[in-house]
Amino acid sequence: MPPTVPAPAEAAPVDAGALRRWAGAALAVLGRHREEIDALNVFPIADSDTGTNMYLTFEAACRALDDRLAAPGPGPSVPEALQALAHGALLGARGNSGVILSQLLRGAATARYTGSAVDGAALAAGLAAAAELAYDAVARPATGTILTVATAAAESASAAAAAIGELAAGRRGAAAAATGGGSRDASARAAAGMHERPAPLTANDSLAYVAQAAAAGAREALGHTTEQLDVLRRAGVVDAGGLGLVVILETLAAYTGGVDPRGAYRQRRLVAGGARVVEAAPSSRPEPEFEVIYLVEASENAVAELRRDLDEFCERGGGDSLVVVGGEGLWRVHVHVDDAGYPIEAGIGAGRLRDITVTHLPSHTAPHAELPATAAGAGATAAAPAPRPTRVVVAVAYGEGIAALLAEAGAHVLRATVERPPSAADFERAVAATRAAEVVLLPNDAETIVVAAAVAERLSAAGSPPIRVASVPAKVTVQGIAALAVHEPNRRFDADVVAMTAAAGATRYGAIEVAVTEAWTMAGVCRPGQVLGHVENDVALIEDDQAAAAVAVLERMLSAGGEMVTLVVGDDARPGMSESVADRLRERHPVVDVVVYEGGQTGYPLLIGVE
C-alpha cells in the first residue's frame, strides 16, 4: 500500500539518541524474524544464515554506536552516529548479506545531515548514496537481490522527497494542473505513492513520509525478486537479504511515524501468503567450497589492485560472490572460493590482514525449513529427524542464590566472585566438564565478555573432538536470566544463540550500591553510607535510602517503556526493601510484571532488569 499522507505535527529533534532508539527497535524486529529470513536463503549459497548474519552485523553496529554515545565529551551528531553504526557493521560483518549491509550503512553515513534538521530529503539522499556504494562494492551485482531492493527504496524515497519539495516551494499552482507540467507532477506524485496533496509538512513529517515511501518501494521490489533471479524462481522464494532490508526500512517507517515497531511486528509474518520454502535446484556449476572473509588495512590503491586481482581470479572460475567494502584505510573482503589460500595471500600482498574467517560452505549448507503451508503428499514417508547433539549453557554465578537460580533454569554453573572473576582457563575447564558437543557461555559480567568470546572462538576452531562454543554477551546477571528464559535446546545452535543474545540485549539493567568512601560520581559527590543508583553503566542518582534509590532507578528505566521487571536481591539488602520496591512498582505500574529472586550477591543490594 502507498504511504498515507502525514498530518502536520510538531517536529521533534532527530539526533543520535533517536537514531540509536530506531536501531535498537530494528535490531529487535530483525531478531524476531531472523529464522524466517534464514529459511529463504538460497542465494548466493543455500546455507540458511542470511537472517543470522544480518542480525549479528547490525548488532555489532548498535554496539559501536553505544560505545560512541558513552564516550566522554560532546555527543555525536547524526553523521557521526551513522559513521559509528557503519564502522561497527564493517568490523562485525558476517557473510555476504552482512558485508553488503555494512556498505549500505556506510553509504547512508556519507549523505549531508544538519543537526536536528534531518528531513525526508536527507533520508532520500542517504538511501541513494547507500544503494550506489553497495552496488559499487559487489564485483558482479545480480538483479533480484538486496541491491535491487535497496535501489528501489532509494528511487521511491527520492520521488517522494522531490514531490514534497515541489509542494513546500509552492511550485504547484492550479494552472499547472491543466498543462504538461501538471502531468509531470502527477507522475511524480504517483511514483511517490501520493494521491492527494498533503498539508504543510514539518521536517519530521517529511522524514516519516519519505521513510514510508522507501519501505513501500522496497517491499514492492522484494515481491519481484522471485521473477528476477533463476535460483529464487526455482525455490519459489523472495531474496532473503532483500527481506532483511525490508524489515529495517519498515521499522524506520513505523518509528518515524510514531509507532513502536517492536509491538507492530510482534505477531506479523513477513512473507505474504503461505509461501513454501524448498531447497534450491542445483546450479550449472558446483558451488565454491569455502567462504573467506577478512579485514585488511590498506590504501585505496592497494585495495583497488586487490579487488582486480580477486575479480580476475573469480572470472577464471576460481570463485564468486566477491564483495569489497569499507574505506579510510580499513576494508572488509568477502569471497566464495575453492582455494581459500589464494584470497588470503592476495590480501597479505595488499596490506595488514586481521579477523580472518574461513568457512567450509558444504558443511554449513542445510535443508531449508518450511514456512507454514505444505503437507506431505499421500503415501509420503517422512525421514526420521537426526538426533540433536547435547547442548549445555555454562553460566557464571556471583552469589549462592544466583547459582541456585541458574542451575534450576538448567544451566551448568560456573561460580565466581567480584574479587575473582572467571579466567579463560576456568571457562575451558567448565566447557570440558560438560562433555557436550554444543556449549553456550553466559559470562554475566561486562569485563568477562571478552574472555568468554575469546574462549568460544578458540575452542570452536581447535576443539578435539569437534565442539561448537558460542558466547552470549550478557553484561549482568539479569541479562543472563533473560537469555536463559528463551533458551531452547531443540533449536538450531545458531538460532538458539541469536535468540538468547537478542533477549539479553533487550534487557536494560540497573542496580543500587552502598558507597563505602566519599567520591565524585556523575550524579555528584557521595558520602559513605549513601546509596548510588546505577542505570546501565552510569551512576544516575544518590539517595539516603535503599528503597528510595531502587524506586528512582526503576522510574527512570521504565520511562522508556517495559513489560517485565526482574529484581535480584543481594546479601546487603535492608530487610523488607525488595518487598517495598515491588509493592511500589505494582502500584505505579500495574501492567508491568515483577519477579523477585534471592540472589545472595555481594556489593549490590539489588540488581534490576527491565525487559
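For the numbers below, each heavy atom of this structure counts, side chains included, while hydrogens, waters and symmetry mates do not.
- Formation of a donor-acceptor pair under 3.5 Å by the Glu555 side chain with backbone atoms of Ala552 is not found in this model.
- Between Asp593 and Val565 there is no side-chain heavy-atom pair separated by less than 4.5 Å.
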Residue pair Val439, Leu459: steps toward the side-chain contact (heavy atoms from CB on, under 4.5 Å) verdict: CA-CA 10 Å; Val439 181; Leu459 292 182; over 6 Å; no
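- When side chains are defined from C-beta on, Thr57 does not count as touching Leu90, because their heavy atoms never get closer than 4.5 Å.
- In His87, the NE2 atom is not crowded: 12 or fewer heavy atoms of neighbouring residues, nucleotides or ligands sit closer than 6.0 Å.
- Between the side chain of Gln479 and the backbone N or O of Ala474, no donor-acceptor pair lies under 3.5 Å.
- Heavy atoms only, all atoms of each residue included: Gly92 and Arg332 are closest at N-NH2, 3.9 Å.
- A 4.5 Å side-chain heavy-atom check between Thr251 and Trp22 finds at least one atom pair inside the cut-off.
- For the atom pair Asp572 CG and Leu606 CG, the distance stands at 11.5 Å (nearest 0.5 Å).
- With values rounded to the nearest 0.5 angstrom, Leu65 atom CG is found 6.0 Å from Arg20 atom CZ.
- We find that Asp583 and Arg586 are joined by a salt bridge, their nearest charged nitrogen and carboxylate oxygen being less than 4.0 Å apart.
- Here the CD atom belonging to Glu488 is positioned 11.0 Å from the CE atom belonging to Met500, to the nearest 0.5 angstrom.
- Salt bridge Lys475/Asp445: absent, no basic N to carboxylate O contact under 4.0 Å.
- Note: Leu441 CG to His412 NE2 = 10.5 Å, rounded to the nearest 0.5 Å.
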Leu541 vs Glu543, test: side-chain contact (heavy atoms from CB on, under 4.5 Å). Steps then yes/no. CA-CA 7 Å; Leu541 54 93; Glu543 294 281 355; 3.8 Å; yes
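- Remark: side-chain polar atoms of Glu513 are not paired, donor with acceptor, to backbone N or O of Leu532 under 3.5 angstrom.
- The shortest distance between side-chain heavy atoms of Asp494 and Arg468 falls below 4.5 Å.
- Counting heavy atoms from C-beta on, the side chains of Tyr55 and Leu27 come closer than 4.5 Å.
- In terms of modelled atom types and a separation under 3.5 Å, the side chain of Arg556 and the main chain of Val535 share no donor-acceptor contact.
- For the pair Ala511 and Tyr604, the tightest heavy-atom approach, listed with the atom from each and the gap, is CB-CD2, 3.8 Å.
- The two residues Ala436 and Ile467 come nearest to each other via the heavy atoms O-CD1, 3.5 Å.
- Between the side chain of Arg68 and the main chain of Ala81, no donor-acceptor pair closer than 3.5 Å is present.
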Chi angles and distances behind the side-chain contact (heavy atoms from CB on, under 4.5 Å) call for Leu414, Phe427: CA-CA 8 Å; Leu414 175 57; Phe427 275 116; 3.8 Å; yes
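- One finds the CH2 atom of Trp520 at 11.0 Å from the SG atom of Cys526 (value rounded to the nearest 0.5 Å).
- In this structure, Leu405 and Glu598 have side chains that are not in contact, with every pair of non-hydrogen atoms separated by 4.5 Å or more.
- Side-chain contact between Val569 and Val596 is present, with at least one heavy-atom pair separated by less than 4.5 Å.
- The two atoms that bring Thr448 and Pro422 nearest to each other are CG2-CG, 3.8 Å, heavy atoms only.
- No salt bridge links Arg508 with Glu611; every basic N to acidic carboxylate O contact stays at or beyond 4.0 Å.
- Residues Tyr509 and Val610 form no side-chain contact, since every pair of their non-hydrogen atoms from C-beta on lies 4.5 Å or further apart.
- Partner of Asn444 under the side chain to side chain contact (heavy atoms under 4.5 Å, CB included) criterion, chosen from Leu406, Ile402, Val478, Ile481: Leu406.
- Taking CD1 from Ile37 and CG from Leu243, the interatomic distance works out to 4.5 Å, rounded to the nearest 0.5 Å.
- Listed here is the closest heavy atom pair of Ala499 and Arg491: CB-NH2, 3.4 Å.
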The test is side-chain contact (heavy atoms from CB on, under 4.5 Å); show your working for Val472 and Val440 and say whether it passes. CA-CA 7 Å; Val472 172; Val440 181; 3.6 Å; yes
Quick one: do Arg429 and Asp426 satisfy salt bridge (Lys or Arg N to Asp or Glu O under 4.0 Å)? Show the steps, please. CA-CA 5 Å; Arg429 282 192 292 268; Asp426 293 329; 2.6 Å; yes
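- Between Ile608 and Ala550 the shortest heavy-atom distance is CD1-O, 4.3 Å.
- A donor-acceptor pair under 3.5 Å is formed between the side chain of Asp545 and the backbone N or O of Ala547.
- Inspection of the Asp544 and Gln530 side chains reveals an N or O donor paired with an N or O acceptor under 3.5 Å.
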